[in-house]
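Take a look at the structure below.
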Amino acid sequence: MALPMRVSLLEGDITKVQVEAIVNAANTSLLGGGGVDGAIHRAAGPELLAECRTLGGCPTGEARITGGYRLPAKYIIHTAGPIWGGGDRGEPELLARCYRNSLALATKHQVRSIAFPAISCGIYGYPIQDACQIAVRETLAYLDTNELPERVTFVCFGSEIYDAYQAALNASL
Ligand code: ADP
């Protein structure tokens, strides 16, 4: 499949998206939080927290997989993004690793369709344009050398994120 056909943008709520796996912008405890993490735990139900408790956390930049429980998605891939601290604490590389490790976990579980929120762009304060450029660059590079996942959707919560993704995609496709 041609690369541009494999990436799309959607404005809305990631808990409602019909894909095999959704990515959660979690924190390193994996025990729930605010933002998209809270929305995912509310929609998936308490069984998700019970499974997360067995995982022993997730270092920043890494990813862990659980079931999707009451979500349409079969899997949730939890990744802990970096907290923005000015950009000289390794934030760009850590954010890039979130995308690479989440995609690698999806491939390992034969996931064909995956949706990402804008990791670190909420409570963690990452500058949106920079974060969207990293998300697009890492995803396109990964898809270039991997057949799975076939499709990646960037779910944008609000028009600022949507516009930033569109600009990043236009610049790189
Ligand atoms: P982080 O702590 O990594 O910054 P947040 O959950 O605060 O995580 O924010 C990450 C992104 O997810 C932000 O762009 C935020 O607007 C977005 N977001 C929040 N709720 C949802 C949701 N239900 N679906 C998709 N994106 C969401």
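In listed order, ligands and their atoms are each counted from 1. Atom set for the values below is all heavy atoms of this structure, side chains included, hydrogens, waters and symmetry mates excluded.
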Quick one: table the atom pairs, ligand 1 N or O against protein N or O, below 3.5 Å, distance rounded to 0.1 Å.
residue	atom	partner	partner atom	Å
ligand 1	3 (O)	Ser120	N	2.9
ligand 1	4 (O)	Gly122	N	2.9
ligand 1	4 (O)	Ile123	N	3.2
ligand 1	4 (O)	Tyr124	N	3.0
ligand 1	6 (O)	Val36	N	2.8
ligand 1	7 (O)	Ile123	N	2.8
ligand 1	9 (O)	Gly122	N	3.3
ligand 1	23 (N)	Asp13	OD1	2.9
ligand 1	24 (N)	Ile14	N	2.9

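Between Phe116 and Ser102, some side-chain heavy-atom pair lies under the 4.5 Å cut-off. A heavy-atom distance below 4.5 Å is not found between the side chains of Ile77 and Asn24.
A salt bridge is defined here as a Lys NZ or Arg NE, NH1 or NH2 lying under 4.0 Å from an Asp or Glu carboxylate O, and Glu147 with Arg112 fails to meet this definition. Ion pairing between Arg64 and Glu62 holds under the 4.0 Å rule for side-chain N and carboxylate O. Remark: Arg70 engages Glu47 in a salt bridge, criterion side-chain N to carboxylate O under 4.0 Å.
Ring orientation note: the planes of His41 and His78 are tilted relative to one another, at an angle of 30° to 60°.
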